[in-house]
Amino acid sequence: MVEDGRALRFAIIGAGMAGVLSAIKLKGAGLTDFTVYEKADRVGGTWRENTYPGLSCDVPSHLYSYSFAPTPEWSHRFSPGDEIQGYFERVAHEHDIERQIRFGEAVTSCRYDDGTWHVETESGHRDDVDVVIAATGVLHHPKLPDIEGLDEFEGAMFHSARWDHDVRLDGARVGIVGTGSTAVQMVSALVGRVEKLSLFQRTAQWIMPQDNPPYSDDEKTEFRANPQRLAELRANLTQVFDTFANAIVDADSPEMKMIAGMCRDNLESNVRDPELREALRPDYQAACKRLIISPDFYDAIQQPNAELVTEAIERVEPNGVRTRDGRLHELDVLVLATGFKTDAFMRPMDVIGRDGESLAQAWSARPSAYMSISIPGFPNFFMLNGPNGPVGNFSLIEVAELQFGYIMQLLAPLRSGECREVSATRDAMERHEAARVEAVEKTVWVTGCRSWYLDDRGIPATWPWSFDRFRSEMHAPHPAAFEYR
Ligand SMILES: Cc1cc2nc3c(=O)[nH]c(=O)nc-3n(C[C@H](O)[C@H](O)[C@H](O)COP(=O)(O)OP(=O)(O)OC[C@H]3O[C@@H](n4cnc5c(N)ncnc54)[C@H](O)[C@@H]3O)c2cc1C
């Protein structure tokens, strides 16, 4: 209850990293009238859904943690997925938010009518709220490849985000389609277990060498005893990642050249066979696609039971994958590490904004949002990690925290009762989008590669400026960019 103001009711959609964050922050601000809707049965989002062998974060763990919940306990510089899942479960539990989460409730529609969002779930549950926070994720809807015969495969086949743990891997012939971070992590983890590993590569990837040492007991003891040490470590990591973030938005920067040099040296020094080295050499600039980090991928792919298949896939057959050269790669297990539908966001949820405008209409060309947070015509509806935000080699936790701080400021006049609704203006949206499209021209993402950053026009659907600029934009909303009614 807000004194002399308006008590707001919230629906948070999704209990991944961003939904858990929203619940904790709302509660911390005394805004306790909220329900989190989560279609699955646990918190964690990405880290609940992805359980493939070798999964780890590729942003250092001490940076990939909430700023308000640092932990001295991370096992590795880049900790494994189950540990990250455990972290989100623990933080949610410690902040006592599970009781406000309705698990097993997929939100199917949100309809705005006269100052209220009418939220409905698949089970028919209804909720009327003042504010919706959509924390439904970006890398959430698995994308399956368009390969002929996929359904005919008689072995086990699954997307990397739907790992079937009942399938035996030891001694099996395993094929992996895709060469992104997920595939690279899997190759390293699986090659020592399987009889044969075939990696089907359409596009070679630059690999940034990065060790992943465990934290020693002494280090953890020091972190526990001295939280200042942890804070310093995080500050140092932030600086390193800022440098990287600045490099990728300026394809000609010295930092970018340094990164490219490191990737090239990694390939030259660590792949012995010249033919394999050339097959693994990308024909585009490093970091044009999301940069992959790995301490041991080149080592793994050079194992005698590993094969890099560069011939294009013709079709999938009951016994394996047939490549264009006519060869059948016999397989027991086929893993589709083919990424996600990154333009889906909260869809297929049906969202109807002011004046009956649907999200399908608003996004008929492609998804867009002012500052990746607010859609004109959809008042009091805010997204975390929405369209065109900073995705890439960043900590999306920091992104979501900054966005949430911005949303809280937008809510202030609602809470005080000065207005009933707030959303970005169409003019602000158009100007922002025009500036964004102009700025992407300088980035490394347009230097000649196909990547999931690119939209249907080939324009990166990302934040094209420095991370410092993102921080500064998130510091306070421009009042003129919003309409308050
Ligand atoms: C393999 C992999 C590795 C990654 N590694 C990193 C990394 O190292 N660093 C980094 O910063 N990021 C990484 N990411 C990105 C990662 O997705 C984000 O860091 C973060 O976990 C996203 O959190 P989120 O809450 O925004 O979305 P998600 O984690 O996707 O959570 C969204 C939640 O919303 C729920 N939901 C969706 N729609 C509905 C609905 N209609 N009704 C109810 N519930 C719904 C989903 O079930 C899910 O629980 C990685 C992603 C993947 C897939």
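First listed ligand is number 1; within each ligand, the first listed atom is number 1. Counting from 1, the numbers follow the sequence of the chain as shown.
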query: Is the shortest distance from a heavy atom of Tyr52 to ligand 1 less than 4.0 Å?
result: yes
query: Nearest 0.5 Å, what's the CZ-CG distance between Phe10 and Asn380?
result: 9.0 Å
For [X], take its heavy atoms, then give the atoms of ligand 1 lying under 4.0 Å from any of them.
| X | value |
| --- | --- |
| Glu105 | 42 (N), 43 (C) |
| Ala106 | 42 (N), 43 (C) |
| Phe340 | 53 (C) |
| Val59 | 8 (O), 9 (N) |

Ligand 1 versus [X], non-hydrogen atoms closer than 4.0 Å: side chain, backbone, both, neither?
| X | value |
| --- | --- |
| Phe241 | neither |
| Met346 | neither |
| Glu38 | both |
| Asn50 | side chain |
| Ser395 | backbone |

So between [options], whose heavy atom ends up nearest [atom]?
| atom | options | result |
| --- | --- | --- |
| atom 40 (C) of ligand 1 | Ile101, Ile13, Val20 | Ile13 |
| atom 19 (O) of ligand 1 | Tyr64, Phe78, Phe103 | Tyr64 |
| atom 32 (C) of ligand 1 | Ala135, Gly14, Pro60 | Ala135 |
| atom 16 (C) of ligand 1 | Thr46, Ile293, Asn385, Thr108 | Thr46 |

With the threshold set at 4.0 Å, does a side-chain nitrogen-carboxylate oxygen contact exist between [X] and [Y]?
| X | Y | answer |
| --- | --- | --- |
| Glu38 | Arg48 | yes |
| Glu398 | Arg471 | yes |
| Asp170 | Arg193 | yes |
| Asp332 | Arg168 | no |

- request: Taking the six-membered ring for Trp and the single ring otherwise, decide whether the centroids of Tyr52 and His159 are under 6.0 Å apart.
  value: no
query: Do the two ring centres, one from Phe382 and one from Tyr406, sit under 6.0 Å apart?
result: no
- request: Return the orientation label for the Phe158 and Trp163 ring planes: parallel under 30°, perpendicular over 60°, tilted otherwise.
  value: perpendicular
- prompt: Does the N or O separation between Arg290 and ligand 1 drop below 3.5 Å for any pair?
  reply: no
- request: Please identify each residue that fulfils side chain to side chain donor-acceptor pair (under 3.5 Å) with Glu232, with sequence neighbours left out.
  value: none
